[in-house]
There are 2 protein chains.
Amino acid sequence: MDVARTSTRAIGRSAVREELARGAFGQFCREGFDKVTLDDLAAAAGVSRSTFLRYFGSKEEVVLFTFDPLGDGMVDALRARPAGEEDWAALRRALDPVIARLTREPASEGLALLRLVGQTPALCARLREKQAGWRPRLVQSLTERSEAQRSSSLMLHARVAAAMECLMAALEHWVADEGRPGLDDLVDEAFDALS
Amino acid sequence: MDVARTSTRAIGRSAVREELARGAFGQFCREGFDKVTLDDLAAAAGVSRSTFLRYFGSKEEVVLFTFDPLGDGMVDALRARPAGEEDWAALRRALDPVIARLTREPASEGLALLRLVGQTPALCARLREKQAGWRPRLVQSLTERSEAQRSSSLMLHARVAAAMECLMAALEHWVADEGRPGLDDLVDEAFDALS
DNA sequence: TCTCAGTTGGAACTGAGTGTCATAGTAGAC
DNA sequence: GTCTACTATGACACTCAGTTCCAACTGAGA
């Protein structure tokens, strides 16, 4: 059967992916993202450069593919909010699963990931690109949520973008303070700054 | 004198820079940013690849260095706002010089620039990086403006980031509509979505 | 056993960006 | 006008990311 075959392959594939990424992440943290070449990563993982690159597509993706589920999680959470809720409040709540995922144990893992991204311009830029890719779906969810359509698409776009920036600003402060203040509270604070 | 010497050189340098960028911009618009190589650009300009790259540092910068004055303009405008004004209103007004520069005649020029950036992921990403570089200075200006300090640095950061995103969202809609609705009104609309 | 899709490694290639070096040009001091 | 720094330039070699192609291998189903 086609489905079974592709799915078993897919399972193996994502397991290998996970394993390769784990090793690479250690190297990046130890030596710095820019110092480690694809050849280094492939050699350490015991595969060829071709194979390594086939699993991720780009060097940045080795680190950033872990953020992929966050986009879907946010869209789903936004869809689940009650229709009457204000956009801004709904967007705040849509970040809950994102926060949960980033702060789940071991806490140092999420922190290390964000620290690596934060101190590597190339990773920052790519992460922002990734987030930009989530936006259309978030705007779409926001549009469907309120049939009343009081807001133009530009306004919805502005709210979604601002919400993402609140998250990013909160993350930056959270990392800078070594995770001390709760990320939840920081995101609340950032959201409060715009209402 | 050191000052005079460097300044005459600098004038010549920036004139050449302008000229090289003008030619390159045409090529990018005609053939697409990714299709044109640095060799193409250098050959068309009649200089070596080394020289061309020395003027800009990177291929993206050939297009994006024109945005550099916007950051300074925004910071200056923010500094000039009355101390009592609300942060959000002050940030909106700080965008006026940016809007003026992007919409000044010939209008098609700013539009073409934004269109090229908008349809080229690499340029989008770099522009966002550039804007991220403006943020600390904007937060600083905002901090100095209101001695009262009711807001945390996270809140100021969130407001600045949100304001930048309002500008970006407005620009995107403006370009999509071929510059028809006034950019001023679009930025107002985006800002209104967050208050 | 045969077949076939998917995986792998290897090699060659393009293109961006860095670094170095010798040379040519030029602004300013004398 | 000449000399002297400083600067700009072109040429070249180099590293590294990413793409493309190909040949060999693997593993599951017919």
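It should be emphasised that the depicted structure is a prediction, and the values quoted were computed from it without experimental measurement. Within every chain, numbering begins at 1; the chains are lettered A, B, ... in the order of the sequence lines, protein sequences first and strands thereafter.
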Donor-acceptor pair, side chain of B:Trp88 and main chain of A:Leu194, under 3.5 angstrom: no
Phosphate contact (C:dG9 OP1 or OP2) by A:Ser48 side-chain N/O below 4.0 Å: yes
Sugar-phosphate, base or nothing in reach of B:Glu60, heavy atoms under 4.0 Å: sugar-phosphate
Sugar-phosphate, base or nothing in reach of A:Arg17, heavy atoms under 4.0 Å: nothing
Verdict with reasoning, A:Val62 to A:Phe52, per side-chain contact (heavy atoms from CB on, under 4.5 Å): CA-CA 9 Å; A:Val62 178; A:Phe52 197 95; 3.7 Å; yes
Check: A:Thr37 main-chain N/O paired with A:Asp40 side-chain donor or acceptor under 3.5 Å: yes
Pair A:Arg92 + A:Asp192: basic N to acidic O under 4.0 Å: no
Rounded distance in Å - CD (B:Glu61) to C1' (C:dT18): 17 Å
Angle of first-five versus last-five pair axes in the helix from C:dT1-D:dA30 to C:dC30-D:dG1, to 10 degrees: 10°
Value in whole Å for how far the P atom of C:dG15 lies from CZ of B:Phe52: 15 Å
B:Arg13 vs D:dA8: side-chain N/O to OP1/OP2 distance below 4.0 Å: yes
Short side-chain N/O contact from A:Tyr55 to OP1 or OP2 of C:dT8, under 4.0 Å: yes
Distance-only side-chain donor-acceptor flag, B:Ser151 / B:Arg159, under 3.5 Å: yes
Nearest-angstrom distance from the residue atom CZ of A:Arg49 to P of C:dG10: 12 Å
Within 6.0 Å of CD in A:Glu109, more than 12 heavy atoms from elsewhere: no
Base C:dG9 to side chain A:Arg54, donor-acceptor N/O within 3.5 Å cut-off: yes
Listed nucleotide nearest any side-chain atom of A:Thr51, set C:dG17, C:dG9, D:dT19: C:dG9
Euclidean distance, atom CZ of residue A:Phe56 to atom P of C:dT7 [Å, nearest integer]: 14 Å
salt_bridge(A:Arg126, A:Glu61) N-O dist < 4.0 Å: no
Out of D:dC12, C:dT18, D:dG18, whichever nucleotide has its closest atom nearest the side chain of B:Leu53: C:dT18
Heavy-atom neighbours of A:Glu86 CD exceed 12 at 6.0 Å: no
Check: A:Thr120 side chain, A:Leu116 main-chain N or O, donor-acceptor pair, under 3.5 Å: yes
Interface with DNA chain D, restricted to residues 31-45 of chain B and to heavy atoms under 4.0 Å: none
